[in-house]
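Structure first, commentary second.
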Amino acid sequence: MAMLTLERLHDLLDGNQEKDGLAWQGVCHDCQCEIRVTATPKVDGIHIKGGSVYEPQSDKFIMKCDGCFVSDPVLRNYQDCEVYSRVVGYLRPVNQWNDAKFAEFHDRKIFDASIRS
Ligand SMILES: [Zn+2]
């Protein structure tokens, strides 16, 4: 699920110039509400408030509010999906097509060729 490990959190805090800890500002991955997650080092450990932070790829941080974390702590649908389709005789990623072909892609109808008995 790629939650921040305690070791990674310590690394981030060590590399941080602010004395009062770290803060992530943005929107919850699940419900899109505005959130601010803070990690504050204190005598009894690091206090995390405002939600949870995930790092699915290096330096790519994704947040969840407390409510969404409680209902589903697993981070889902966080990667862009590369879609290939045929364009002028070749299979190429759709996001590399020109604007006109990309618009045409959305007009295409899906044909299900599976055989059902
Ligand atoms: Zn949320």
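First listed ligand is number 1; within each ligand, the first listed atom is number 1. Just so it is clear, the values below take in all heavy atoms, side chains as well, and ignore hydrogens, waters and symmetry mates. Counting from 1, the numbers follow the sequence of the chain as shown.
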**Prompt:** Taking the six-membered ring for Trp, are F105 and W97 parallel (under 30°), tilted (30 to 60°) or perpendicular (over 60°)?
**Reply:**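 The arrangement is perpendicular - the two ring planes meet at more than 60°.
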**Residue D99 excluded, over 12 heavy atoms near CG under 6.0 Å** = no
**Request:** Determine, for D59 against R8, whether the closest basic-nitrogen to carboxylate-oxygen distance falls under 4.0 angstrom.
**Result:**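 Answer for the salt bridge query: yes.
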**Asked** Does C31 bring an N, O or S atom to under 2.8 Å of the Zn ion (ligand 1)?
**Response** yes
**Prompt:** Would you say H29 reaches the Zn ion (ligand 1) with an N/O/S atom under 2.8 Å?
**Reply:**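 It does not: H29 brings no N, O or S atom closer than 2.8 Å to the Zn ion (ligand 1).
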**Where the Zn ion (ligand 1) is the vertex, angle from C65 SG to C68 SG to 10°** =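 Taking the Zn ion (ligand 1) as the apex, the two atoms subtend 100°.
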**Prompt:** So L22 and T38, side chain to side chain contact (heavy atoms under 4.5 Å, CB included) or not? Walk me through it.
**Reply:** CA-CA 6 Å; L22 294 166; T38 58; over 6 Å; no
